Structure formats: C-alpha cells, structure tokens
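One structure is given here, and the rest of the page talks about it.
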Amino acid sequence: MANIYSSFLFAYCVIFALLISGQARDISNRDIYEKLYSKLYHPDNVTPTGANFTFVCDPKRFSSLGLDVTKFAFCDKSLSYDVRANDLVKQMTLSEKALQLGDSNQGVPRLGLPKYEWWSEALHGVSNQGPGTSFDALVPGATSFPTVITSASSFNESLWLAIGQAISTEARAMYNLGRAGLTFWSPNINVVRDPRWGRILETPGEDPFVIGKYAVNFVRGLQDVEGTENFKDLNSRPLKVSACCKHFAAYDVDNWKSVTRFIFDARVTEQDMVETFNRPFEMCVKEGDASSVMCSYNRVNGIPTCADPKLLNQTIRGDWDLHGYIVSDCDSVEVLVDQHKWLGDSNEDAVAHTLRAGKSCVKYLLIPDNCLDLDCGSYYPKYMESSVQQGKVREADIDRSLKYLYVVLMRLGYFDGIQQYTSLGKKDVCSDEHVELAREAAREGIVLLKNINDALPLDAGKVKSLAVIGPHANATLAMIGNYAGIPCQFNSPLEALSQYGEVNYQVGCAQIGCGNDSLIPPAMQAAQNADATIIFVGIDLSIEAEGLDRNDLLLPGFQTQLINQVSGAAKGPVTLVILSAGGVDISFAKNNPKIGAILWAGYPGEKGGPAIADIIFGKYNPGGRLPITWYEANYTNMLPMTSMPLRPVDSLGYPGRTYKFFKGSTVFPFGYGLSYTQFNYTLTSTVSSTDIKLNKLQHCYSIRYGNGSFVPPCPAVRIDDLDCKDEISFEIEVKNVGARDGSEVVLVYSMPPEGIVATHKKKVKFVLNVCSSLQVVDYNAYSVLPAGNHTISVGDDIVSFPVPVNFQFS
C-alpha cells in the first residue's frame with residue numbers, strides 16, 4: 001500500500017509511478033530496414049564517414065572556395081542577425097533570390113552560400129519522410145518513439161519534453177554527419193474533431209489545451225539550447241533545431257467520400273476558431289516560441305489558408321508575434337491554382353497573393369508584413385521572378401521573407417556553428433538512453449480499458465503457455481505508424497511475449513483487412529490449449545493515414561469474428577490488445593465476459609512489444625488515459641465528416657463533437673483509463689471566491705443566458721480588459737488504496753456557471769490562472785471571464801467544488 005499526497009497547485013497533471021523496467025532481447029531485422037531505405041538524399045558535402053561541411057562562415061571553407069570571408073558582412077558575428085541577413089539578401093540578384101524561396105534552396109556559389117534543404121521531419125523521431133534527411137550505412141536508423149497520439153495518452157509534460165530533447169539531439173548529430181538538416185516540420189497539432197480522420201495518429205488528441213501543452217513541451221524540447229530558454233531578444237535566441245507547428249488552420253479532412261483536403265472548404269465560426277482550432281497554435285507560438293508555422297491545403301471560409309492574410313499575417317505574425325517564418329504545406333501554392341482555382345489566378349498571381357500582395361492579401365493587412373515566406377514546392381522558385389517583372393509583387397517583399405529565413409538559419413548556427421553541439425555524432429543516435437525512453441514512453445501511453453476480476457497482470461509463475469493470436473501479434477512496421485524513419489531496432493509483441501513462456505502463434509487473419517475466416521480455426525485450437533490467450537487486432541495505415549480517412553469505426557473484415565470465436569474457445573484468461581490511433585467500437589468485447597482485459601496500445605513505436613509485455617505481466621502498472629473520445633459506431637451515421645461545428649446543430653439533428661459538446665453514450669470517454677490499483681481523492685483545502693475590482697476603464701460585457709437563468713449584475717468582462725494575475729490554489733490528497741504501486745494522471749476540469757448558452761460541457765485545465773482557466777469564448781468570438789459560480793472538477797467528478805467569481809467596481 002502506498003499513501004500519496006500531492007499539492008495540486010498550478011500543476012498540469014500529476015503522475016505518481018514506481019517505474020519497474022524489464023530486460024528484453026533486441027533483434028535487428030535488417031530485411032525490414034532495407035525496405036525502409038526508400039528515399040535517400042545526400043547533399044554535395046556528404047562523405048561515407050560524415051560531412052565536409054562545418055558552417056557557412058567557416059574561414060577555411062571560404063578560402064577553399066577562393067573567397068575572403070572578411071569581405072562579407074553577413075559573416076561578421078559582431079553584427080546582429082537582422083543586419084547580417086539583410087546584407088546577404090541585398091547582394092543577391094532577383095533571379096538568385098527567387099531560387100532561395102523553395103524548400104530546396106539552390107544557394108549562391110559566388111557568395112559562398114551553399115544549397116540547403118529545408119524539409120526534414122521529426123514527428124516522433126528523426127524521419128526520412130522529407131528529402132533533408134537520409135539513412136545509410138553510417139547512420140542506419142534513429143530512435144522511433146510512439147506515435148503522438150500514444151505519447152499524448154500519458155498526459156505527461158515532462159515526457160513530451162524529454163522526447164523532443166532526445167529527437168533534437170539525434171537530429172543535431174545527424175546534421176553534423178551530413179545526414180539531416182536543421183529545420184524540422186513537426187509537430188502536427190491539429191485538433192481531432194471527427195473520429196474518422198486518417199491522421200489522428202499524428203496528433204495529441206481532441207482537447208485544444210492538452211494539444212497546446214504537448215506542442216509547447218515538444219517544441220521546447222526540439223528548440224531550446226540549454227541556458228538560453230529565457231533569452232531577451234527572441235528573434236536572436238539560439239535554436240538547437242527549428243520546429244514547425246502544422247497545419248494551420250482547421251485542417252482535419254484528408255479524403256472522405258471524394259472530398260479531399262485539396263478542395264475542402266472548412267466553414268468555421270469565429271467562436272470555434274478562437275476556442276478550438278487556433279488555440280494549440282497560439283500556445284505553440286506564444287509559449288513554445290516555435291520558429292515556424294505551416295499553413296494547410298484547405299480553405300477556411302472560402303479562402304485558402306496559405307493565401308489568407310488574416311490567418312497568416314494578422315494572427316500569426318501580428319497577434320502572436322511569430323519569431324520565424326511561415327511555410328506552405330508541400331505544393332499548396334500549386335493546389336491553390338489547380339485545385340481551389342482561387343480567383344482564377346495565374347501562376348504569377350498565386351505567388352504574389354501568397355507572398356504578400358494582390359487582390360487577397362493587401363485587403364486585410366494590418367501590419368506591413370508578408371504572408372507566406374517559403375514554398376515547400378517549386379512555384380515560388382519558378383514564378384516569383386516573373387511575378388515581380390509583371391508588377392504583381394515587389395522585390396522588397398521577397399527580401400523580407402528571405403530575411404526571416406536566414407535569421408532562423410543563423411539562430412541555428414548554420415552560419416557560425418554552435419560549439420556545444422559540435423561533438424554530437426554517431427554515438428548520440430540510437431543511444432541506450434533514447435531507446436529506453438522510447439520503451440518508457442510506450443508504457444506510459446498504453447491505456448487499460450477493461451480488467452474484470454484482475455484478469456491482468458498475468459502471473460509469470462503460473463502462466464507457462466501462451467496463445468498469441470492476431471494480425472498485429474507480430475507487428476513491426478505497424479507499430480511505428482507514419483512519418484517514421486528507420487528505427488534503431490524492432491521488438492514485436494510476439495518476440496517480447498516469447499520471453500515469458502512457450503508461445504503458440506497464430507495470425508488468425510492474413511492481413512489487417514481480414515478478408516476471410518480461413519485462419520480462425522487454428523487460432524481457436526491454440527487458445528483451447530494455452531494457459532492464457534492474448535489477441536492482437538486493430539487497424540493500420542491501410543485504413544487510417546494521411547490522405548485516407550475512415551468510413552466507419554468498426555474493426556475490419558472478420559476481426560470481430562476472430563475475437564469472439566477465439567475468446568469463446570479459450571481455456572485460460574483472454575486479453576485483447578488494440579493497435580489503432582482512432583477509436584474503434586469494441587462494445588462487443590467490452591461486454592463479453594470471456595474477455596477479461598482490454599489494452600489500447602496506439603502505435604507504440606520501436607519498443608512497443610516489450611512495453612506491452614511489461615504491462616501484461618505486471619512489470620509496469622498502466623496509467624495512460626484516452627486523449628480522444630471513443631464513439632459508438634452509429635455516431636458516423638449522425639453527421640457528415642465535413643460538418644465543421646463543434647456544438648450540436650439542432651436544426652440538422654447533428655450531435656456535438658469532442659467530449660466538450662457530445663452528450664451521447666460512448667464506448668469509452670475522453671480521459672478514460674484504468675490501473676492495477678485504486679486511488680482515492682480528497683479535497684484538503686478550501687477555495688475562496690475570486691473578487692476582481694474593476695476600474696472605470698473596465699466594462700461589463702453581456703453574454704447569452706438561457707431563459708429563466710440568473711444573470712449577474714455584471715455578467716462578464718473581456719479577458720483583454722483584465723490583468724489576469726488572479727489565481728486559484730487548492731490541494732488534493734491522492735491516496736493509493738490498492739495493493740500495487742502505480743501511476744495516476746490527475747485530470748482537472750472547469751465548468752462555467754449554469755445558464756450560459758452554448759459553452760463547453762467540460763474543459764481540461766491544469767494551470768489555474770483565473771483568466772486562462774475559467775474563460776469562455778462567446779458567440780462573438782470574444783474571450784470573456786463570466787461572473788458567477790464556476791465549478792472545478794477533479795477526475796471523473798470524483799471531487800468537485802465551486803469557484804465564485806465576482807466583479808466589483810472600485
């Protein structure tokens with residue numbers, strides 16, 4: 001028994017854990033690795049043992065080019081980055097400038113400026129998805145952490161930060177070896193609005209605050225150079241690598257019933273934009289200090305996001321004060337012309353509209369600045385020069401974007417080097433520490449969904465034979481999802497479980513689609529003779545992926561039949577393990593008494609097999625929570641995926657979306673997760689009312705209340721009019737009353753006063769500043785603090801208490 005007492009004072013989440021790690025045999029599957037070497041890219045300076053390149057302004061490098069580095073002011077470290085970048089750009093011709101505006105920068109040899117590839121990816125490990133990164137004999141792989149949806153299930157900020165730090169160390173090491181760039185277009189922080197979306201595996205879930213917290217920590221892990229986190233001039237703050245928050249904005253339809261992301265127009269209310277779709281990006285830029293934002297393929301309210309000055313210029317640069325550059329999703333400018341057919345644009349019109357000027361951009365500009373700085377694609381390099389010559393855009397606008405780009409590269413040490421990272425190399429990629437972190441991340445992200453009569457953990461002393469069944473039982477590539485590089489090693493569930501006893505492995509289905517039932521009888525026979533049966537099913541990238549949305553929420557093919565028949569035949573306890581990103585309606589398994597336990601493992605990364613085995617055999621007590629709602633299958637019949645409102649649309653009979661606004665029954669709710677032990681919560685402190693004194697310049701604001709509801713004399717005040725220094729503090733005693741040590745994620749929600757129309761049902765909050773924790777976004781898209789009795793709820797309404805807010809005029 002363990003008694004745990006926690007002060008929950010402005011904490012995001014509290015995780016109590018006894019970490020017990022087991023050892024497992026690691027096997028490198030070179031056949032699988034070879035299949036992954038699909039895209040190799042080597043810049044000119046790469047050698048079999050590393051790279052000839054040090055940094056741009058290396059005097060020896062300039063000398064080898066027949067140039068004198070002292071003649072170039074952009075290499076003078078005594079000058080500011082802004083002055084240096086301006087000097088570099090001024091020396092380029094118009095043709096040279098245009099060639100630097102695509103992801104594959106051509107460089108300017110006469111100035112000693114080499115080629116640079118901007119596109120690299122690091123969603124959950126260094127990936128060769130983009131051409132800026134490659135693997136070969138020198139660096140055969142990098143640590144592949146769980147996919148983001150799985151890591152998000154830990155609700156552990158320190159874990160997200162540590163993963164970012166590990167990835168950036170490996171990225172910087174690979175850069176030193178000439179195998180990677182310094183600019184990584186990660187993370188994906190779009191909100192999961194619909195359970196059919198194919199890219200759920202890339203995201204942190206459905207709650208915008210949790211997504212924002214993930215973004216802040218992961219980006220800080222990627223970017224922060226130790227000792228410079230609180231740099232005064234953020235435009236010159238050094239960067240370990242550059243992160244990019246994507247895809248802005250309201251992007252969550254890929255390909256659903258012939259509606260593709262290239263033509264979709266997301267019709268979104270300002271209330272939903274401010275409250276949900278924009279919030280993670282605002283946190284990423286303002287709190288994470290991300291150095292880049294990527295715009296998306298879709299339109300928002302009729303305007304392609306990459307040509308929308310309100311989103312890119314007014315919001316990202318103006319309201320949020322981005323210290324960096326804005327990049328298009330790849331070929332978005334071409335999509336604007338060929339798919340959206342925006343304004344009948346010619347190629348030259350399109351590059352002008354997206355960069356700065358023209359019919360769409362100038363109309364809304366509130367500050368003299370650019371919209372889209374970098375084209376992941378070829379349109380800017382091909383058509384920008386002729387656009388200037390046709391008078392559609394000014395050369396000075398190109399200069400401004402190039403300066404943003406080169407200042408970021410200077411902050412990264414591309415021009416001058418960063419001494420503390422020069423020693424990083426091969427030893428720092430796939431290190432034992434990083435591989436173990438991948439295993440720990442998988443364990444923390446796995447969610448226990450069912451455990452009748454303590455079916456888990458299995459007793460290794462009693463269970464001598466295992467039936468390991470299902471199309472995911474020997475999963476390898478499926479565990480690493482998409483935007484994955486080549487992992488350091490694979491450890492499948494089958495391999496890991498083989499360490500615990502005699503295993504009879506039966507695939508049950510030839511592939512995930514499970515097109516027939518011919519392999520089910522051998523699986524049933526295996527279960528009849530085993531001490532315990534473990535069934536691995538789910539979906540994979542053939543069903544949910546970028547460019548591929550789901551049609552339903554069911555297990556594919558004969559998987560349901562496989563589960564029912566095998567569990568019915570099993571002699572011993574049955575555990576069901578689901579690999580997926582999006583939720584699956586497994587109500588039949590939830591209600592089947594023959595299935596004692598259910599685990600959701602997401603896509604758990606290269607060490608997913610050992611992590612699952614650790615939990616099944618009790619070496620680790622699961623503590624993960626679902627970061628999305630698992631809806632029942634009929635949810636998809638209630639509304640089309642293309643309906644954007646989050647609140648219910650009563651006139652059409654559409655239900656709400658996400659846990660905030662959906663009030664129907666679910667398979668498993670947001671935040672759900674069990675443990676092998678039990679915890680009790682007790683409120684051990686009182687919370688007094690928050691009395692805010694208003695001066696004559698602070699005014700009351702009317703918000704909508706339902707008929708018959710009490711309306712305070714001063715219903716609300718706009719957040720922008722408050723100094724927002726008031727805080728709420730309280731203490732919760734969390735006591736482990738079970739027989740095992742374990743981890744507990746403490747979720748804290750706030751609910752607004754009763755009677756306010758169309759506010760959220762619950763809202764996850766952990767930093768309990770009064771403004772940020774109790775605000776609502778009203779129909780007019782104003783963020784306001786309502787007066788009245790707010791409610792703080794801990795856990796699933798285990799503990800709740802009122803928090804009165806009163807406004808008083810001084």
Side-chain angles (χ1 to χ4, degrees), residues 8 206-209 269 271-272 274-276 279 629 645-651 654-666 669-671 681 683 685-692 694 699-719 721-722 724 726-730 732 747-809:
F8 192 72
E206 70 182 43
D207 184 271
F209 180 79
T269 67
Q271 184 179 28
D272 283 344
V274 172
E275 183 180 57
T276 297
R279 184 140 198 230
T629 301
L646 291 156
R647 291 160 173 81
V649 183
D650 295 333
S651 62
Y654 293 171
R657 294 181 177 276
T658 77
Y659 78 97
K660 293 185 183 180
F661 305 110
F662 179 68
K663 298 179 181 180
S665 60
T666 63
F670 172 90
Y681 291 21
L683 179 66
S685 63
T686 58
V687 178
S688 58
S689 65
T690 300
D691 298 321
I692 299 176
L694 303 178
H699 304 288
C700 296
Y701 182 82
S702 295
I703 54 179
R704 293 182 180 181
Y705 276 81
N707 292 334
S709 298
F710 170 75
V711 180
C714 182
V717 174
R718 288 178 56 182
I719 294 294
D721 292 337
L722 299 171
C724 292
D726 295 278
E727 295 176 328
I728 305 166
S729 63
F730 59 93
I732 297 289
L747 299 179
V748 177
Y749 303 83
S750 72
M751 289 168 281
E754 291 186 6
I756 299 177
V757 173
T759 57
H760 48 266
K761 176 185 175 185
K762 294 180 179 176
K763 192 172 185 178
V764 176
K765 284 294 181 181
F766 305 102
V767 179
L768 300 184
N769 172 276
V770 167
C771 287
S772 62
S773 297
L774 305 183
Q775 67 171 307
V776 301
V777 178
D778 81 332
Y779 183 79
N780 296 315
Y782 285 119
S783 295
V784 300
L785 178 62
N789 284 327
H790 297 252
T791 300
I792 297 294
S793 174
V794 181
D796 189 14
D797 287 332
I798 299 171
V799 173
S800 63
F801 51 88
V803 179
V805 173
N806 304 308
F807 295 113
Q808 302 172 345
F809 286 96

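Numbers for residues simply follow the sequence, beginning at 1. All values derive from a computational prediction rather than experimental measurement.
- Taking Tyr782 as the reference, Tyr701 meet the ring-ring contact (aromatic ring centres under 6.0 Å, His included) condition, with sequence neighbours excluded.
- For Val717, the side-chain contact (heavy atoms from CB on, under 4.5 Å) partners at least two apart in sequence or on another chain are Leu694, Cys714, Asp721, Leu722, Phe807.
- Under a 4.0 Å N-O distance rule, the pair Glu275/Lys660 does not qualify as a salt bridge.
- By the 30° and 60° cut-offs, the orientation of the rings of Phe670 relative to Tyr659 is parallel.
- In this structure, the side chain to side chain donor-acceptor pair (under 3.5 Å) partners of Thr629, at least two apart in sequence or on a different chain, are Glu206.
- Judged as a side-chain contact (heavy atoms from CB on, under 4.5 Å), and not counting sequence neighbours, the contacts of Ser800 are Thr791, Ser793.
- Both tests do not hold together for Arg657 against Phe662: distance to the six-membered ring centre under 6.0 Å, angle to the ring axis within 45°.
- For the disulfide bond (SG atoms under 2.5 Å apart) condition, no pair includes a residue of residues 773-806, sequence neighbours left out.
- The side chain to side chain donor-acceptor pair (under 3.5 Å) test applied to Ser702 returns no partner, not counting sequence neighbours.
- Every salt bridge (charged side-chain N to carboxylate O under 4.0 Å, His left out) that Arg718 has, sequence neighbours left out, goes to Asp720.
- With sequence neighbours excluded, the residues forming a side-chain contact (heavy atoms from CB on, under 4.5 Å) with Ser689 are Asp691, Pro804, Asn806, listed by chain and number.
- Checked against side-chain contact (heavy atoms from CB on, under 4.5 Å), Tyr654 has the following partners two or more places apart in sequence or in another chain: Leu639, Pro640, Ser643, Val649, Leu652.
- Residues Gln775 and Val784 form no side-chain contact, since every pair of their non-hydrogen atoms from C-beta on lies 4.5 Å or further apart.
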